[in-house]
2 protein chains.
Amino acid sequence: MRLAELSRRSGVSTATIKYYLREGLLPPGRQLNTTTAEYDAEHLRRLQLVRAMIQVGGLPVATVREVLGHVDDDSLGRTLRMGAALWALPQVPEPDEDDAFVRAAHQEAGALLETLGWSNAKLLTTVSPAYRSLVVAVAAFRRLGYDWDAELLVSYAKLMHEAARLDLDNVETYPSEAEKVETAVLSAVLVEPMLQALHRLAQEEESARRYGFE
Amino acid sequence: MRLAELSRRSGVSTATIKYYLREGLLPPGRQLNTTTAEYDAEHLRRLQLVRAMIQVGGLPVATVREVLGHVDDDSLGRTLRMGAALWALPQVPEPDEDDAFVRAAHQEAGALLETLGWSNAKLLTTVSPAYRSLVVAVAAFRRLGYDWDAELLVSYAKLMHEAARLDLDNVETYPSEAEKVETAVLSAVLVEPMLQALHRLAQEEESARRYGFE
């Protein structure tokens with residue numbers, strides 16, 4: 001397809017597509033002559049991925065370029081290629097390791113992973129932004145004197161593990177390795193706002209069921 | 001307790017407590033004489049709530065004052081008092097109702113609520129920010145040509161309903177109505193970052209289980 005059709009099918013303006021091409025976020029088309037290039041289904045998919053990261057995920061262009069570099073790196077295994085976007089998403093601030101609540105949260109988060117049997121996640125604790133986010137969240141709870149028991153945390157974690165299984169089951173329905181990796185990156189950006197909206201809506205529903213509207 | 005002890009037990013500096021008192025986010029203590037006031041356990045709880053909303057939820061002082069107004073309004077039922085913070089949290093931009101994807105997303109979200117039997121949430125669609133967030137998220141998926149089936153959305157929603165039940169079960173363990181409402185507000189602010197961190201961590205775990213680390 002020509003640029004105009006790529007624009008029509010993606011809903012992205014030709015000016016924006018040209019910008020993405022210049023920035024190297026989209027591979028060049030096959031040049032037919034000096035003024036015309038031809039694009040294919042892979043360009044369309046890549047364009048959707050770029051737009052999701054920029055418009056929905058709010059990632060800066062430089063970060064998107066970095067993520068795509070990992071996505072396209074065949075020397076990495078699927079876990080690392082899929083994780084590329086997740087690790088590039090905006091993260092919570094680093095935990096302050098001198099803080100007593102943070103140190104206690106490391107203990108609590110470590111015990112949680114142990115209880116859950118998440119041995120792989122346990123191996124990643126020194127490098128994973130997700131683990132650091134968990135430590136920050138647990139420390140915030142405890143610092144606020146919020147006294148819930150460890151079992152509640154285990155229950156939440158099991159629900160999120162189920163959500164992660166759904167994510168990956170969906171990823172695996174795509175035929176090619178490139179599509180699998182791209183779908184994983186897309187869903188990393190898109191699934192979180194969806195889960196958050198559903199959680200809030202479910203709270204409204206459940207609360208109204210239990211206590212009515214007044 | 002005196003101001004110094006309130007500060008020590010809450011971990012909030014006396015200067016910040018005085019600021020909250022001036023801004024009306026914390027009710028005045030019982031004045032013992034012109035320079036000394038006495039604070040109680042309710043002040044401590046309220047202080048933790050205010051700090052959670054400001055430091056973790058990132059809410060502006062004016063919004064916190066508004067939320068507390070609802071929390072303290074005995075004329076409202078528990079659902080509305082508990083929802084006060086949730087509705088004040090930063091929301092996604094309003095959906096553009098002229099957009100074809102947004103109109104289709106309304107259909108899809110409506111059908112989802114029908115399938116789930118969330119009849120209360122359905123009654124709230126015209127006023128609920130959570131419903132609008134869902135419409136925005138669904139429209140983003142569809143606009144990106146992300147073709148997942150309605151059943152996956154139902155499965156995610158059921159998991160989030162389970163999370164909401166856990167939220168409210170926990171809220172109900174608190175004895176007084178004031179504590180119930182305050183805990184609901186606190187958890188609205190604190191539970192989301194926790195679920196997000198657990199979701200990302202679960203994705204790492206599940207991905208490594210399925211594909212290994214390379």
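Below, chain A is the first sequence line, B the second, and so on; all start at residue 1. All of these numbers come straight from a predicted model, not from anything done at the bench.
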Shortest non-hydrogen contact between [X] and [Y], atoms and distance:
X        : Y        : value
B:Leu153 : A:Met194 : CD1-SD, 3.5 Å
A:Leu166 : B:Ser155 : CD1-CB, 3.6 Å
A:Leu201 : B:Ala130 : N-CB, 3.6 Å

- Message: Which residues in residues 39-52 of chain A have any heavy atom closer than 4.5 Å to a heavy atom of chain B?
- Response: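 Only A:Gln48, A:Arg51, A:Ala52 of residues 39-52 of chain A have a heavy atom under 4.5 Å from chain B.
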Which atoms of [X] are under 4.5 Å from chain A, going by heavy atoms: the side chain, the backbone, both sets, or neither?
X        : answer
B:Val191 : both
B:Glu162 : both
B:Asp167 : both
B:Leu124 : side chain
B:Tyr174 : side chain

- Closest-packed option against chain B by number of heavy-atom pairs under 4.5 Å, given A:Arg210, A:Glu172, A:Lys122: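 Looking at each of A:Arg210, A:Glu172, A:Lys122 in turn, A:Arg210 comes out on top.
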- Message: Heavy-atom pairs under 4.5 Å with chain B: which of A:Ala137, A:Ser10, A:Ser207 has the most?
- Response: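 It is A:Ser207.
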Are the side chains of [Y] and [X] in contact, using a 4.5 Å heavy-atom criterion?
X        : Y        : result
A:Leu112 : B:Leu198 : yes
A:Arg200 : B:Tyr131 : no
A:Trp118 : B:Arg209 : yes

- Task: Could you have a look at B:Val12, B:Leu116, B:Val135, B:Leu195 and say which one has the most heavy-atom pairs with chain A under 4.5 angstrom?
- Result: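 Highest number of pairs under 4.5 Å: B:Leu195.
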- Counting heavy-atom pairs under 4.5 Å to chain A, which of B:Asp169, B:Val138, B:Thr173 comes out on top?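 Of B:Asp169, B:Val138, B:Thr173, B:Asp169 has the most heavy-atom pairs under 4.5 Å with chain A.
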- Query: What pairs meet the salt bridge (Lys or Arg N to Asp or Glu O under 4.0 Å) rule with one or both residues in residues 101-111 of chain B, with sequence neighbours excluded?
  - Reply: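 Those involving residues 101-111 of chain B are B:Glu108-B:Arg142.
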- Query: By a 4.5 Å heavy-atom criterion (distance strictly below it), what part of A:Thr183 contacts chain B: side chain, backbone, both, or neither?
  - Reply: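 Interface part for A:Thr183: both.
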- Message: So for A:Glu206, is it side chain, backbone, both, or neither that comes closer than 4.5 Å to the heavy atoms of chain B?
- Response: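 Both parts, backbone and side chain.
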- Look at the side chain of B:Glu205 and the backbone N and O of A:Asn120, then say whether any donor-acceptor pair between them is shorter than 3.5 Å.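 Yes, because the side chain of B:Glu205 sits within donor-acceptor range (under 3.5 Å) of the backbone of A:Asn120.
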- Are B:Glu204 and A:Ser128 linked by a side-chain donor-acceptor pair shorter than 3.5 Å?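 Yes, A:Ser128 and B:Glu204 have a side-chain donor paired with an acceptor closer than 3.5 Å.
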Working to the nearest 0.5 angstrom, can you tell me the gap between [X] [atom1] and [Y] [atom2]?
X        : Y        : atom1 : atom2 : result
A:Leu159 : B:Arg165 : CG    : CZ    : 10.5 Å
B:Tyr211 : A:Leu168 : OH    : CG    : 4.5 Å
A:Gln196 : B:Glu192 : CD    : CD    : 4.0 Å

- Item | B:Glu114 CD: over 12 foreign heavy atoms closer than 6.0 Å |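 No.
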- Message: A quick test of your reading: do over 12 heavy atoms of other residues, nucleotides or ligands sit less than 6.0 Å from CD of B:Glu151?
- Response: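 12 or below, so no.
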